[in-house]
Amino acid sequence: MTAEIICVGTELLLGDILNSNAQFLGKQLAELGIAHYYQTVVGDNRERLKQVIGIASQRSQLLIFTGGLGPTPDDLTVETIADFFGVPLIERPDILEDIRQKFAQRGRIMSPSNHKQALIPQGAEILTNPIGSAPGIIWQPRSDKLTILTFPGVPAEMKRMWQEIAVPYLRSQGWCRGIIRSHTLRFWGVAESALAEKVSSYLDLNNPTVAPYANYGEVKLRISASADSVDAAEQLIAPIEQQIKDIAGLDCYGRDEDTLASVVGQLLQQTHSTLAVAESCTGGGLGQMITRVAGSSNYFRGGIIAYDNAVKTAMLGVNREDLEQWGAVSEVVAEQMALGVRSQLKTTWGLSITGIAGPGGGTETKPVGLVYMGLAGPDGQATSFKFLFGNSRGREWIQRVSASSALDLLRRRLQSASLPPLIN
């Protein structure tokens, strides 16, 4: 018994909208232990959608549709499904009344086009939408127990309908006969190939399985186990996870939803420390990463975006002669920036970034992707670090990886200072 996800919408094909629904549903199916081998994205086209239904209904027993449930002419999902199976659409007065009430609650009058959303295939059940106007359907259109679920494309609506209605329904129908549990270990400062070599013996395991992947300089290892219960799966994962952490050491910074910023925040709070940042080439990106973490005001005092050299000298106390001799992108300037922001904002730690993000501005001796970072600590001393990120991946990548690398420098300094273990 296998499931298939079918996402309907030309905007998905064109890349105008990120297909987060497929990602969510894929994870949910894995956690429920429902086998899932195919995903399809199809535009708002009746004939192509029929072709997709024809293929999917032959190889999968649970078809999960998202998108195409709205009131406009290009919302074709339900009527095309009904047409494919040769079943008429029936208008449901209870759906119409629900839509009217939702419009009235918002102080609006229901449009005649919304009548379309009250049409469902004869014999189908309603998959209630508690927050939006478009309901879905639960339908078994033929005798071989093929099951169809439809959801709106709006992620918030789809997720709530899935969790509140679809999951209990699937459990009641015997679809969930086990679970697949996953945890993701997160790494920074190590290449995917280097990490894979270190843990190569774990990549051939069958249950749990270990799979590496990388994005924006971060490497992840997903550990997944199949079992009859969550507790049993966790017991399979736990020893493998701990062994990998032991091998990786400080290269492993967190797990699952951890970020470098959230881990640094926890460490700063554990040590009752505060932080200020001075940024040049990242233009505030480092501060933004830090302040995305709830509660960061407890330890983050603020930052100075010193894009111009005049700001570096006036606000951070960078020596003008050093700027002229070594340039803004240099070890000495990075250290002085870190010391300056720590002093100005009176914090435990000062963290700085200065570099060449491109696409222009590089030279033979200082190419695009050259970045220096400074870290000033409670002893009043500063250390600089040199990174060469290259210029092949663009300005945004250099800025983002620079901010993350700066956070990683501070994390490693904090975690190596005999602190209690952070990653459980």
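All values below come from the heavy atoms of this structure, side chains included, with hydrogens, waters and symmetry mates left out. Positions are given from 1 along the sequence. Predicted model, so just to flag it, every value in this text is computed and none were measured.
Side chains of Glu192 and Tyr213: a donor-acceptor N/O pair is absent below 3.5 angstrom, by distance only. Remark: the Gln336 side chain and the Asn319 side chain contain no N/O donor-acceptor pair separated by less than 3.5 Å. Using modelled atom types and a 3.5 Å distance limit, the side chains of Ser229 and Asp231 yield no donor-acceptor pair. No side-chain donor-acceptor contact under 3.5 Å links Thr347 and Thr274. In this structure, a donor-acceptor pair under 3.5 Å is absent between the side chains of Thr80 and Asp83. Looking at Ser262 and Thr259, their side chains do bring a donor and an acceptor atom within 3.5 Å of each other.
Between Arg181 and Glu234, at least one side-chain nitrogen of the basic residue sits less than 4.0 Å from a carboxylate oxygen of the acidic one, meeting the salt-bridge criterion. Under a 4.0 Å N-O distance rule, the pair Asp308/Lys312 does not qualify as a salt bridge. Salt-bridge formation is detected for the pair Asp408/Arg411: a Lys NZ or Arg NE/NH1/NH2 atom is positioned less than 4.0 Å from an Asp or Glu carboxylate oxygen.
Here the side chains of Phe387 and Val401 are not in contact, with every heavy-atom distance at 4.5 Å or above. Side-chain contact check for Pro367 versus Asn391: every heavy-atom pair is 4.5 Å or farther apart. Between Phe385 and Ser405 there is no side-chain heavy-atom pair separated by less than 4.5 Å. Under the 4.5 Å side-chain criterion, counting only non-hydrogen atoms from C-beta, Phe65 is not in contact with Phe151. You'll find the side chain of Ile137 stays beyond 4.5 Å of the side chain of Ile126, heavy atoms only. You'll find the side chain of Ile64 stays beyond 4.5 Å of the side chain of Glu4, heavy atoms only. Counting only heavy atoms from C-beta outward, the side chains of Thr209 and Ile223 never approach each other to under 4.5 Å.
More than 12 heavy atoms of other residues, nucleotides or ligands lie within 6.0 Å of CD in Gln325, so this atom counts as buried by the packing criterion. The number of heavy atoms from other shown groups lying within 6.0 Å of CG (Asn206) does not exceed 12. The 12-atom threshold is exceeded at CD of Gln243, counting heavy atoms of other residues, nucleotides or ligands nearer than 6.0 Å. Annotation: Tyr37, atom OH; neighbour count of heavy atoms from other residues, nucleotides and ligands within 6.0 Å does not exceed 12.
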>> Does Thr282 form a side chain to side chain contact (heavy atoms under 4.5 Å, CB included) with Tyr307? I'd like the steps, not just the answer.
In response: CA-CA 9 Å; Thr282 46; Tyr307 222 60; over 6 Å; no
> Do Met373 and Leu409 pass the side chain to side chain contact (heavy atoms under 4.5 Å, CB included) test, and can you show the C-alpha distance, the side-chain angles, and the key distance before you say yes or no?
Replying inline: CA-CA 9 Å; Met373 301 175 194; Leu409 290 174; 3.8 Å; yes
> Going through the checks in order, is the side chain to side chain contact (heavy atoms under 4.5 Å, CB included) test met by Gln415 and Leu250?
Replying inline: CA-CA 8 Å; Gln415 283 188 321; Leu250 284 178; 3.5 Å; yes
> Given the rule in the side chain to side chain contact (heavy atoms under 4.5 Å, CB included) test, do Phe300 and Val277 qualify, once you have shown the distances and angles that lead to the verdict?
Replying inline: CA-CA 9 Å; Phe300 183 59; Val277 300; 3.9 Å; yes
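For the pair Arg186 and Tyr253, the cation-pi criterion (under 6.0 Å, within 45° of the ring axis) is not fulfilled. Phe24 carries Lys159 over the face of its six-membered ring, with the cationic atom under 6.0 Å from the centre and within 45° of the normal.
Rounded to the nearest 0.5 angstrom, Ile247 CD1 and Cys252 SG are separated by 11.5 Å. In this structure, Leu267 CG and Trp349 CH2 are separated by 10.5 Å, a value rounded to the nearest 0.5 Å. Rounded to the nearest 0.5 angstrom, Gln288 CD and Gln399 CD are separated by 11.0 Å. Once rounded to the nearest 0.5 Å, the distance linking OG of Ser280 with CG of Asn309 reads 7.5 Å. Atom CD1 of Ile81 and atom CD1 of Ile120 lie 12.0 Å apart (nearest 0.5 Å). For the atom pair CD of Gln270 and OH of Tyr299, the computed distance is 12.0 Å after rounding to the nearest 0.5 Å.
In this structure, Glu279 contributes its side chain and Gly287 its backbone to a donor-acceptor pair below 3.5 Å. A donor-acceptor pair under 3.5 Å is formed between the side chain of Arg342 and the backbone N or O of Thr348. Distance alone, capped at 3.5 Å, places no donor-acceptor pair between the Arg160 side chain and the Ile131 backbone. Under the 3.5 Å distance criterion, the side-chain polar atoms of Lys366 are matched with a main-chain donor or acceptor of Val329. With Thr77 contributing its side chain and Gly67 its backbone, the two residues share a donor-acceptor pair below 3.5 Å. In this structure a side-chain-to-backbone donor-acceptor pair under 3.5 Å is present from Gln61 to Thr2. Of the possible donor and acceptor atoms, none in the side chain of Lys198 sits under 3.5 Å from a partner among the backbone N and O of Ala248. Under a 3.5 Å cut-off, the side chain of Asp44 and the backbone N or O of Thr10 do form a donor-acceptor pair. Counting only distance, with no hydrogens or angles, the side chain of Asp228 and the backbone of Gly178 share no donor-acceptor pair below 3.5 Å. Ser352 places a side-chain N or O within 3.5 Å of a backbone atom of Gly374 that can act as its donor or acceptor partner.
The only member of Lys220, Lys245, Arg412 that meets salt bridge (charged side-chain N to carboxylate O under 4.0 Å, His left out) when paired with Asp251 is Arg412.
Of all heavy-atom pairs between Pro152 and Met161, the closest is CD-SD, 3.4 Å. For Leu221 against Val199, the heavy-atom pair with the smallest separation is CD1-CG2, 4.1 Å.
Close placement of the Phe85 and Trp139 rings is indicated, their centers lying within 6.0 Å of each other.
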